[in-house]
Amino acid sequence: ARLAEYGTDGYPAPVRRRLMIMNVADYVIAAFTLIYALEQAIIDFNTWKPVIAINLMLGIIALSVPFLHRFHELAAPLTVSAAEGVGLFVLTYLLGLEAGLHMQYFAAVGGFFVIIGLARLRLIAALIFIAFTLHMLAWFLFSSERAPLKVPASDLAALYVTAVITTFCMIGIVVYY
């Protein structure tokens with residue numbers, strides 16, 4: 001509970017609740033992202049090096065969320081949205097569609113409503129449009145055959161399963177909390 005509340009002091013109760021949901025969601029993002037990086041480092045560090053670097057950066061950004069609340073209630077959601085949006089796009093470029101990472105844009109949609117709040121529907125609509133556009137661009141541009149990073153099909157299958165688990169967990173946690 002204390003970790004969920006970190007950085008939310010000084011905000012009104014409804015905003016605090018949204019920021020606490022953001023904190024919990026980003027702790028989960030950080031955990032999954034760092035697990036991805038560890039798993040990939042164990043499998044084959046040299047091959048997965050660019051993916052590991054991106055995952056470590058995304059994990060660090062996710063862990064910085066409670067510290068971003070001091071600037072504005074939207075600082076963390078916008079920072080994470082931008083970082084994850086670009087990160088997932090580049091990861092999908094590197095690995096192709098079979099990795100399933102582009103599906104994680106779906107988890108963001110529910111988070112936008114819950115974390116940003118219904119008072120900012122235009123911002124939510126813009127973020128949903130961006131997530132949708134990145135998902136569709138990834139779908140049309142990044143076939144697995146054209147992926148620059150060549151990894152075994154079994155690794156891609158494992159990553160796909162992990163991406164699905166992550167997406168389901170994120171949606172479940174955000175909606176539940």
I want to check something: taking the side chain as every heavy atom from C-beta on, are [X] and [Y] in contact at a cut-off of under 4.5 Å?
X: Ile54; Y: Leu94; value: yes
X: Leu95; Y: Asp155; value: no
X: Val51; Y: Leu149; value: yes
X: Val164; Y: Thr167; value: no
X: Thr8; Y: Arg18; value: no
X: Leu141; Y: Tyr93; value: no
X: Phe89; Y: Tyr105; value: yes

Strictly distance-based, threshold 3.5 Å: is any side-chain N or O of [X] a donor or acceptor partner for the main-chain N or O of [Y]?
X: Ser64; Y: Ile61; value: yes
X: Arg70; Y: Phe67; value: yes
X: Lys150; Y: Thr47; value: no

**Message:** Just verifying a value: how many Å separate Leu123 CG and Ile116 CD1, rounded to the nearest 0.5 Å?
**Reply:**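 It is 4.5 Å, given to the nearest 0.5 Å.
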**Message:** Under the side chain to side chain contact (heavy atoms under 4.5 Å, CB included) test against Leu127, which residue among Phe113, Phe132, Phe112 passes?
**Reply:** Phe112
**Asked** What residues, two or more places apart in sequence or in another chain, satisfy side chain to side chain contact (heavy atoms under 4.5 Å, CB included) together with Ile35?
**Response**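 With neighbours one apart ignored, the set is empty.
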**Message:** I'd like to check the side chain to side chain donor-acceptor pair (under 3.5 Å) partners of Glu98; sequence neighbours left out, ordered by chain and number.
**Reply:**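 By the side chain to side chain donor-acceptor pair (under 3.5 Å) rule, Glu98 matches no residue at all.
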**Message:** Whether the Asn23 and His69 side chains hold a donor-acceptor pair (N or O, under 3.5 Å, no angle test) is what I'd like checked.
**Reply:**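 Looking only at side-chain atoms, His69 and Asn23 do form a donor-acceptor pair, the distance falling under 3.5 Å.
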**Message:** Can you confirm if the aromatic rings of His135 and Phe106 lie within a centre distance of less than 6.0 Å?
**Reply:**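 Ring centres of His135 and Phe106 closer than 6.0 Å.
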**Message:** Check this for me: does any side-chain nitrogen of one of Glu73 and Arg120 sit under 4.0 Å from a carboxylate oxygen of the other?
**Reply:** yes
**Request:** Sorted by first residue and then second, give each ring pair (Phe, Tyr, Trp, His ring centres under 6.0 Å) pair with at least one member in residues 12-53; sequence neighbours left out.
**Result:** none
**Complete:** Scanning both residues in full, the closest heavy-atom pair of Gly100 with Tyr160 reads CA-CD1, 3.5 Å
